[in-house]
Amino acid sequence: MEKAVLITIGDEILSGNTVDTNSNFIAAELKNIGIQVSQIFTISDEIETIKKTLHSALELGNVVITTGGLGPTRDDKTKKALAEFFNDEIALDEVTFDHLRRYMEKRGRLEILERNREQAFVPTKSLVFQNYYGTAPCMMMEQDGKLCFSLPGVPYEVKPLIKDQIIPYLKDKFHLHYISTRIVSVVGIPESILADTIEDWELALPDNMALSYLPVGTRVKLRLTAKGDNEEILQQQLEDQVQKLLPLVQDHTIATSEDKIEKILGDVLSEKKLTISTAESCTGGELAKMITSNSGSSKYFLGGIITYATEKKVDILKVSQDTVDQYTVVSEQVAQEMAKGCQKLFDTNISLSTTGVAGPGKGEDGKEVGTVYYTIRINEREQTLKLYMPHLERLDFMNFVSQKILQDLIGMLI
C-alpha cells in the first residue's frame with residue numbers, strides 16, 4: 001500500500017491562532033483512493049526545518065504533501081527549501097505567469113500583477129498544477145519514484161487542487177488498492193463493555209479488515225475498514241461483517257452506515273416524513289446549525305429561534321413568567337414550555353429546546369456552569385433530561401449537548 005506524509009508549514013498553526021483543517025481533508029481524500037497517511041508534521045517556516053522534515057517524510061512515505069508557506073515575495077522560504085532539497089534552482093515559468101495574468105485580469109486586479117510576479121517563479125524541475133482559486137500554484141517534485149507536492153495553505157485553494165488535480169494524478173500514477181469503510185453507531189453502552197461484548201466477533205475479522213472505536217460524546221462509532229483490489233467484493237465483505245455484528249449490539253444501534261449524527265437524523269426524519277424546529281438558549285443555535293448542515297434539511301427543518309434572554313422566552317415562546325419565578329429559567333419546567341411554544345410557533349411534529357449555563361460564569365439564577373435541561377417533544381410526547389458537565393469549555397459544551405440531543409431524538413424515533 002502506498003503511504004503518504006503530510007507537512008503543515010506555518011507559525012500560525014504552531015501558535016494555535018489557526019486550525020489545521022487541511023490535513024484532515026487531505027487524509028480523508030487520500031484514504032478514499034487507498035493511500036494511507038502514516039504521519040503528519042506541523043513545522044515552522046524555516047528553510048532548514050523544512051529540509052529536515054522533507055528528508056524524514058520521504059523516508060516514511062512515497063507521497064509527501066506540504067501545505068502553507070508559499071507567498072508572493074522573494075523571501076518565500078518554502079520554495080527555496082524545495083529548490084535546495086531537490087538540488088534545483090528557481091526561475092520564472094512563463095505558463096504559470098500567463099495563468100497568473102489571466103487570473104488577475106478576470107478579477108480586475110491587473111494593477112497588482114507585478115507585485116505577485118514572484119508566484120510564477122518555481123523550481124525548474126517541478127511539475128506545476130495551476131491554482132484556479134488563488135495565486136500560488138502547486139509544485140510537484142519527483143525523486144527516486146517518490147512524489148512531493150507543495151500547496152498553498154488556504155483551505156478553499158487546497159480542496160480543489162487536491163480533488164480535481166492531485167487525486168486524479170495519483171490514481172493514474174500508482175496501482176492503488178481500494179479502502180472501504182462502514183460505520184455502525186452505538187449508544188447506551190460504555191465503550192469497555194461494548195469491547196467485551198463484541199470481542200469474539202472482532203477477533204474473527206478477516207486479515208484485510210480492522211476495527212476502530214471512535215467515541216463522540218456518548219455515542220461510539222464502530223468503524224470497520226477493509227482493504228483490497230476489488231471494491232465490490234470489499235463492500236460485500238463489510239456488509240457480511242455488519243450483519244454478524246448487529247445481533248450483538250442490536251438494542252444499542254442507531255445507524256449502520258452514516259457517520260454524522262445530523263445525517264443519521266436527516267435520514268430518519270425524511271423516511272418518517274416528520275418536521276422539526278428548535279428553541280435554543282445555552283446552545284446558541286448549535287442545534288439548528290447541525291441540523292441544517294445536512295443537504296436537504298429544508299424538507300424537514302422549518303425553523304429555529306435563539307431566545308437567549310429570559311423575557312424573549314416569555315414574549316415569543318409563551319413561557320409562563322410564573323414558571324420562571326417559581327422554578328428559575330434554567331429548569332425542567334421552562335425547557336418543557338419552551339419546546340411546547342416552539343412546536344406551536346413553527347407548527348412542527350418535533351421541537352427541541354435547551355436552557356442552561358454554558359459558562360464561564362454562573363447563570364442569572366445562580367445555576368452552576370455546565371447545567372442544562374433539554375426537552376424533546378414529538379407531537380404530544382415529550383422527554384426532558386438534565387446534564388451537568390462543568391468540565392467542558394463553552395463551545396465544547398454547546399457541541400456536546402447538541403450531539404446528545406440529536407442522538408436521544410433518534411433513539412426515540414427508531
Side-chain angles (χ1 to χ4, degrees), residues 6-15 17-26 28-30 42-47 49-51 54 63-142 147-173:
L6 309 184
I7 304 174
T8 302
I9 303 171
D11 293 336
E12 72 279 3
I13 302 290
L14 291 171
S15 68
N17 291 330
T18 301
V19 177
D20 173 26
T21 58
N22 288 329
S23 294
N24 177 270
F25 170 78
I26 295 171
E29 290 296 315
L30 291 175
T42 301
I43 61 174
S44 62
D45 188 5
E46 296 295 334
I47 290 177
T49 301
I50 296 171
K51 288 163 62 177
L54 284 172
V63 176
V64 175
I65 299 178
T66 77
T67 56
L70 300 177
T73 59
R74 286 189 176 274
D75 64 350
D76 184 331
K77 296 175 183 177
T78 300
K79 206 176 290 184
K80 289 180 180 179
L82 285 171
E84 290 183 18
F85 183 84
F86 290 101
N87 193 27
D88 198 2
E89 59 184 23
I90 297 173
L92 177 68
D93 180 68
E94 292 294 346
V95 174
T96 300
F97 184 69
D98 183 60
H99 171 80
L100 183 62
R101 179 187 59 75
R102 286 184 279 109
Y103 177 86
M104 293 291 188
E105 185 177 41
K106 190 174 182 180
R107 285 154 182 78
R109 304 298 303 277
L110 274 177
E111 75 279 1
I112 63 171
L113 177 61
E114 287 303 317
R115 196 181 308 163
N116 285 268
R117 183 183 179 87
E118 292 298 325
Q119 299 280 38
F121 281 76
V122 300
T124 60
K125 297 177 184 177
S126 66
L127 173 64
V128 177
F129 295 84
Q130 300 299 345
N131 183 355
Y132 296 97
Y133 299 90
T135 58
C138 168
M139 300 159 289
M140 192 276 286
M141 310 287 284
E142 184 169 358
L147 309 180
C148 178
F149 298 85
S150 182
L151 285 76
V154 183
Y156 68 75
E157 297 177 25
V158 169
K159 289 181 178 181
L161 279 167
I162 292 291
K163 293 183 72 170
D164 301 338
Q165 298 190 64
I166 294 174
I167 291 297
Y169 182 86
L170 291 173
K171 289 172 71 174
D172 287 341
K173 184 76 173 179

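- Side-chain contact between Pro123 and Glu89 is absent, with no heavy atoms from C-beta onward closer than 4.5 Å.
- Residues passing the side chain to side chain donor-acceptor pair (under 3.5 Å) test with Asn17 are Ser15, sequence neighbours excluded.
- Side-chain contact of Thr135 with Gln119: a donor-acceptor pair under 3.5 Å is present, judged by distance alone.
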What side-chain donor-acceptor pairs closer than 3.5 Å can you find for residues 151-173, not counting sequence neighbours?
unit_1 : atom_1 : unit_2 : atom_2 : d
Glu157 : OE1    : Asn131 : ND2    : 2.8
Gln165 : NE2    : Gln130 : O      : 2.8
Lys173 : NZ     : Glu142 : OE2    : 3.3

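- Both the sub-6.0 Å distance and the 45° axial angle are not jointly satisfied by Arg101 relative to the ring of Phe97.
- Taking every heavy atom of both residues into account, Leu147 and Met140 meet most closely at CD2-SD, 3.9 Å.
- In this structure, a donor-acceptor pair under 3.5 Å is absent between the side chains of Ser44 and Asp11.
- Across Val19 and Ile13, no two heavy atoms sit closer than the pair C-CD1, 4.2 Å.
- Rounding to the nearest 0.5 angstrom, the gap separating the SG atom in Cys138 from the CG atom in Leu70 is 9.0 Å.
- Counting heavy atoms from C-beta on, the side chains of Thr67 and Ile26 come closer than 4.5 Å.
- Residues Lys125 and Asn87 come closest through the heavy atom pair NZ-O, 3.1 Å.
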- Query: How far apart are the C-alpha atoms of Tyr132 and His99, what are their side-chain angles, what is the distance that settles it, and do they pass the side chain to side chain contact (heavy atoms under 4.5 Å, CB included) test?
  - Reply: CA-CA 9 Å; Tyr132 296 97; His99 171 80; 3.5 Å; yes
- Message: Run Leu127 and Met139 through side chain to side chain contact (heavy atoms under 4.5 Å, CB included) and show every step you take.
- Response: CA-CA 6 Å; Leu127 173 64; Met139 300 159 289; over 6 Å; no
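- Side chains of Asp20 and Ser23: a donor on one and an acceptor on the other come within 3.5 Å.
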- Message: side chain to side chain contact (heavy atoms under 4.5 Å, CB included) for Ile90 and Thr124? Distances and angles first, verdict last.
- Response: CA-CA 6 Å; Ile90 297 173; Thr124 60; over 6 Å; no
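- Residues Val128 and Pro137 approach most closely at CG1-CB, 3.7 Å, considering heavy atoms.
- Nearest heavy atoms, Met104 versus Leu113: CG-CD1, 4.1 Å.
- With a 4.5 Å cut-off on side-chain heavy atoms, Ile9 and Ile50 count as touching.
- Considering CG of Leu14 and OG1 of Thr8, their distance stands at 9.0 Å, rounded to 0.5 Å.
- At a threshold of 4.5 Å between non-hydrogen side-chain atoms, the residues Leu54 and Leu82 count as touching.
- For Arg102, the CZ atom counts as densely surrounded, since its 6.0 Å shell holds more than 12 non-hydrogen atoms of other residues, nucleotides or ligands.
- At a threshold of 4.0 Å, the pair Arg109-Glu111 counts as salt-bridged, since one of the basic side-chain nitrogens sits closer than that to a carboxylate oxygen.
- In this structure, the side chains of Cys148 and Phe85 stay at 4.5 Å or more apart for every pair of heavy atoms.
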